[in-house]
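Notes to accompany the following structure.
For the numbers below, each heavy atom of this structure counts, side chains included, while hydrogens, waters and symmetry mates do not.
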Amino acid sequence: MGDSGRRITYKELDERSIRFARVLHDLGLRRGDHYAVLLENHPAYFEIVWAGMRSGLYITAVNSHLTAAEAGYIVADCGRRCS
């Protein structure tokens with residue numbers, strides 16, 4: 001991961017994304033649903049996005065550098081299913 005030098009194996013990414021996919025399912029999200037991701041540049045971003053992809057979800061990535069109003073507009077407009 002960039003400057004930190006942190007590494008994650010494919011196995012770790014796969015296992016973590018499976019766990020988060022279960023969380024998304026427990027929240028009631030199902031294939032074809034939408035969810036928004038607002039996260040700074042962080043290794044967990046990949047786990048979160050992979051979990052959505054493996055679950056058949058539509059993912060809206062929201063830039064963490066946007067103002068609260070800009071991010072709020074995108075989140076409100078993206079058709080996400082839960083908050």
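- No donor-acceptor pair under 3.5 Å is formed between the side chain of Glu15 and the backbone N or O of Glu12.
- The distance from the CG atom of Asp77 to the NE2 atom of His34 is 11.0 Å, given to the nearest 0.5 Å.
- Distance check, rounded to the nearest 0.5 Å: CD of Glu40 to CG of Asn63 gives 11.5 Å.
- Note that CZ of Arg31 is 10.5 Å distant from NE2 of His25, once rounded to the nearest 0.5 Å.
- Distance check, rounded to the nearest 0.5 Å: CG of Leu39 to CZ of Phe46 gives 10.0 Å.
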Please report, to 0.1 Å, the donor-acceptor pairs under 3.5 Å made by any side chain of residues 49-59, with sequence neighbours excluded.
residue : atom : partner : partner atom : Å
Arg54   : NH1  : Asp14   : OD1          : 3.1
Arg54   : NH1  : Ser17   : OG           : 2.6
Arg54   : NH2  : Asp14   : OD1          : 3.1
Ser55   : OG   : Ala51   : O            : 2.8

Problem set entry | From CA spacing to verdict: side-chain contact (heavy atoms from CB on, under 4.5 Å), Tyr35, Thr60 | CA-CA 6 Å; Tyr35 83 113; Thr60 299; over 6 Å; no
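- Cluster annotation: Ile48 is not connected to Val75 through the hydrophobic network of ILVMFWY side chains, with a link wherever side-chain heavy atoms come within less than 4.5 Å.
- The same ILVMFWY cluster, assembled from side-chain heavy atoms under 4.5 Å apart, contains both Leu27 and Val37.
- Formation of a donor-acceptor pair under 3.5 Å by the Asp33 side chain with backbone atoms of Arg30 is found in this model.
- In this structure, Ile74 and Leu66 have side chains that are in contact, with non-hydrogen atoms separated by less than 4.5 Å.
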